Amino acid sequence: MRLTNIFNNKSDLLSVYFTAGFPELNSTISVLEALENAGVDFVEVGMPFSDPVADGPTIQGSSTHALNNGISLKLLFEQLEEAKKRVSFPLILMGYFNPILKFGVERFVERCVECDIQGVILPDMPYEIYDEKYRHIFEKRGVFPIFLITPQTTDERIKLLDENSSLFLYMVSSSSVTGKSSGNNMQQLAYFKRVAEMKLKSPVMTGFGISDNKSFKRVCGYTNGAIIGSAYVSAIKNSVDIESDTLSFVKRIRG
Amino acid sequence: MSENYFKKYPSKDGFYKEYGGAFVPPVLEKEMKKIADSYFTISKSHNFISELRSIRKHYQGRPTPVYFCNRLSEKYGGRIYLKREDLNHSGAHKLNHCMGEALLAKYMGKKRLIAETGAGQHGVALATAAAYFGLECEIHMGEVDMKKEHPNVARMKILGAEVIPVSSGLKTLKEAVDSAFQSYLKDPDNTIYCIGSVVGPHPFPMMVRDFQRIVGIEAKEQFFDMTGELPDNVVACVGGGSNAMGIFSSFLEDDECSLYGVEPGGLSLKKGEHAATMTKGKPGTIHGFKCYLLQEEDGQPQPVYSVASGLDYPGVGPEHSMLRDINRVTYDSVGDKEAIDAFFELSRLEGIIPALESAHAVAYALKLAGEKPHTSVLVNLSGRGDKDLDFVIDNYGKDYQI
């Protein structure tokens with residue numbers, strides 16, 4: 001299934017982030033199956049990095065754990081090749097730039113195509129550097145970056161990123177790291193309204209700090225849906241039955 | 001000519017050829033741009049410069065002297081000189097950029113300074129600057145380093161800073177940077193991250209270098225006054241590379257001066273036993289910038305080690321990375337053992353106890369002096385060794401009759 005179809009046909013989308021190779025090295029595929037069975041619309045597969053500057057303690061912890069389990073990009077792509085046979089919802093990758101640089105950007109994009117990865121979120125890759133150095137490599141193969149916007153991003157820049165997006169914009173709910181409660185203040189509301197009123201051409205998904213039905217419903221009022229990461233990673237951290245824990249997690253979020 | 005160099009590097013976006021830049025998430029991107037803009041306007045203003053000059057003179061006690069090492073030169077050959085940054089207030093060169101960054105923070109209306117520290121020298125310097133300007137200060141430090149460098153932990157606390165122990169990973173400098181970034185992201189509006197070296201996203205490598213240039217500017221003039229010429233060799237230790245950038249910056253365009261950056265060779269050049277980034281690293285990105293990086297095949301940073309806590313970092317400043325590629329600076333490494341030897345040699349022949357970090361530069365200078373006996377060697381003695389005394393006595397005392 002293509003991401004664009006999903007955005008065209010559905011609202012209140014729920015997307016989940018999880019760290020590849022966590023809690024076990026080979027959990028990647030079973031987690032993906034569990035998420036699809038639970039009715040999650042699409043998934044961000046986290047490529048672990050040891051120094052994830054945009055992530056809070058939960059995802060930092062799961063990343064370290066996954067790296068200790070022995071996950072690497074090479075291995076992750078092998079897992080994703082297998083996963084492609086078992087799940088059909090869209091997958092995107094999320095992670096920091098250096099492992100990709102070391103892997104080789106062209107080879108990385110090539111592997112994304114082979115594994116049906118539709119997009120990538122690279123939080124430490126500024127748009128300008130992407131545009132100047134890597135854009136042609138990604139666009140040539142039809143793998144697209146997803147850019148982040150924050151409460152500090154100016155209208156002008158949001159427009160620029162919107163025009164250059166092919167999938168969706170990732171709206172970071174607050175100026176913080178992942179896994180922090182997003183609060184409920186007027187400032188945030190003003191930010192949500194400001195972005196909604198810009199009538200962007202790209203769908204918008206909200207992430208960072210969404211952990212329950214209330215916060216999910218709230219952001220769905222302004223955008224196409226929500227991305228949940230830390231709360232899900234915590235939910236499966238010590239899970240003995242990922243399938244059923246995922247099901248009840250998703251039920252709880254959707255309400 | 002040198003004006004040209006500083007206008008050219010970094011580029012507008014913070015690049016030193018392919019190195020540097022700002023590989024940061026959007027939340028930080030905006031903040032970095034704000035700091036860069038403020039830096040360009042505020043730090044060039046007359047008031048800012050006057051205030052910083054006055055601080056340099058009356059508070060830091062600058063200029064620090066250049067000193068000729070009589071007995072050391074006699075024993076090892078060559079003519080060995082030290083730029084005495086150990087005599088800079090708070091005992092290391094770090095205060096040069098901390099006072100600059102804190103003054104900038106004050107002009108920007110920030111309330112709180114935050115930073116990581118390895119050996120504690122940067123933490124102490126920042127805590128000092130915070131006290132001077134009446135700002136809050138939060139220092140992140142690996143638990144391993146806190147134990148090793150406990151006198152500096154005590155100093156930071158006495159100066160009123162909050163010291164946050166970091167217990168993840170190897171519990172040293174890299175993890176402290178991660179932790180400080182996290183904390184910074186929670187409240188970037190009121191806080192400024194005063195990174196401890198010429199590393200991190202643009203504008204930090206440039207800002208820290210510029211505030212450290214005072215070392216080279218003074219040293220060049222002082223050395224010329226003393227000898228009527230420029231030094232044949234300039235030597236500095238390199239972890240992130242702030243003291244080295246400080247002194248090198250004045251000699252970059254004097255081709256007759258050979259420049260040497262000395263990295264920690266640790267126990268050996270086997271993986272995990274050193275932090276010789278230039279010798280063993282490959283270009284990569286970490287903590288928001290591109291540089292030579294000690295990394296695994298899959299792009300994860302490698303574990304690093306050095307006897308000197310202030311040097312064990314898997315990356316290195318972007319400008320150093322460029323200076324290596326264009327062959328302007330020679331980067332080499334010195335192991336723990338040679339550094340400890342030099343620590344005792346300088347103490348016993350000259351009555352100057354160096355920081356373990358600086359002892360790496362001294363060790364390399366002794367080697368150079370032996371190899372090139374008719375030349376002069378100017379060493380940036382970046383810090384004093386008080387913080388290292390207990391550690392050295394406990395671990396190496398016996399070998400030196402203590």
Side-chain angles (χ1 to χ4, degrees), chain A residues 47-57 60-61 63-64 67-68 70-76 95-104 108 121-130 132-133 147-154 157-158 161 169-172 174-180 208, chain B residues 12-15 18 20-34 167-170 174-191 193 200-202 281-291 293 295-303 313-315:
Chain A
M47 306 175 279
F49 186 57
S50 69
D51 300 76
V53 285
D55 288 303
Q60 250 191 61
S63 299
T64 306
L67 289 169
N68 290 339
I71 194 72
S72 64
L73 258 187
K74 185 169 170 284
L75 197 60
L76 171 58
Y96 294 81
F97 186 50
N98 197 53
I100 297 171
L101 194 66
K102 197 84 209 305
F103 191 82
F108 172 79
I121 304 175
L122 306 172
D124 62 344
M125 166 69 70
Y127 170 75
E128 282 74 16
I129 294 176
Y130 165 77
E132 189 189 328
K133 294 203 165 131
F147 300 113
L148 278 69
I149 61 173
T150 76
Q152 276 89 28
T153 312
T154 58
R157 191 163 176 86
I158 293 176
L161 297 176
L169 282 170
Y170 189 138
M171 183 162 101
V172 177
S174 65
S175 309
S176 187
V177 293
T178 57
K180 288 265 162 239
F208 284 46
Chain B
K12 179 171 70 53
D13 304 322
F15 280 93
E18 69 165 298
F23 293 84
V24 292
V27 182
L28 273 176
E29 198 178 339
K30 186 82 195 295
E31 217 39 53
M32 294 301 115
K33 280 192 179 137
K34 233 194 283 176
S167 60
S168 58
L170 293 178
K174 180 180 77 78
E175 292 77 18
V177 178
D178 293 334
S179 171
F181 259 116
Q182 302 287 331
S183 179
Y184 173 57
L185 278 170
K186 284 179 205 157
D187 185 18
D189 284 344
N190 294 307
T191 312
Y193 185 7
H202 178 66
K282 293 267 157 50
T285 55
I286 185 172
H287 295 143
F289 69 109
K290 190 169 179 193
C291 64
L293 175 68
Q295 53 184 322
E296 307 283 5
E297 269 313 301
D298 65 356
Q300 305 293 336
Q302 270 176 9
Y313 184 65

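Below, chains carry the letters A, B, ... as their sequence lines are ordered, and counting in each starts from 1. Nothing here was measured: the structure is a model prediction, and the numbers come from that model.
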Considering only heavy atoms from C-beta outward, does the side chain of Pro26(B) approach that of Thr150(A) to under 4.5 Å?
yes

Taking atom NZ of Lys30(B) and atom CD1 of Ile149(A), what is their separation to the nearest 0.5 Å?
12.5 Å

Cut-off 4.5 Å, heavy atoms of chain B, and the answer for Phe97(A) is both

Report, as yes or no, whether the 6.0 Å neighbourhood of atom NZ on Lys282(B) holds more than 12 heavy atoms from other residues, nucleotides or ligands.
no

Using a distance-only test with no angle check, is there a side-chain donor-acceptor pair under 3.5 angstrom linking Gln295(B) and Asn98(A)?
yes

Chain B contact via Leu67(A) - side chain, backbone, both or neither, heavy atoms under 4.5 Å
side chain

Please name the pair of heavy atoms, one in Pro126(A) and one in Ala22(B), separated by the smallest distance, quoted to 0.1 Å.
CG-O, 2.9 Å

Contact part of Ile71(A) toward chain B, heavy-atom cut-off under 4.5 Å: side chain, backbone, both or neither?
backbone

Closest approach of Leu101(A) and Lys290(B), non-hydrogen atoms and distance?
CD2-CE, 4.2 Å

Looking at Pro99(A), is its backbone amide N or carbonyl O close enough to the side chain of Gln300(B) to form a donor-acceptor pair, meaning the two atoms are under 3.5 Å apart?
no

Can Arg157(A) and Glu29(B) be counted as an ion pair, charged N to O under 4.0 angstrom?
yes

Gap between atom CD of Glu128(A) and atom CG of Asp13(B) - 0.5 Å precision:
7.5 Å

Rounded to the nearest 0.5 Å, what separates atom CG in Asp189(B) from atom CD in Gln152(A)?
6.0 Å

Toward chain A, the part of Glu297(B) with a non-hydrogen atom under 4.5 Å
both

Under 4.5 Å to a heavy atom of chain A? For Leu28(B) that would be neither

So which part of Thr64(A) gets closer than 4.5 Å to some heavy atom of chain B, the side chain, the backbone, both or neither?
neither

Can we say Asp51(A) and Lys174(B) salt-bridge, meaning some charged N sits less than 4.0 Å from an Asp/Glu carboxylate O?
yes

Lys74(A) atom NZ, neighbour heavy-atom count above 12 within 6.0 Å:
no

CG on Asp124(A) to CD1 on Ile286(B), rounded to 0.5 Å:
11.0 Å

Side chain to side chain contact (heavy atoms under 4.5 Å, CB included) assessment of Ile129(A) paired with Phe15(B)
CA-CA 11 Å; Ile129(A) 294 176; Phe15(B) 280 93; 3.8 Å; yes

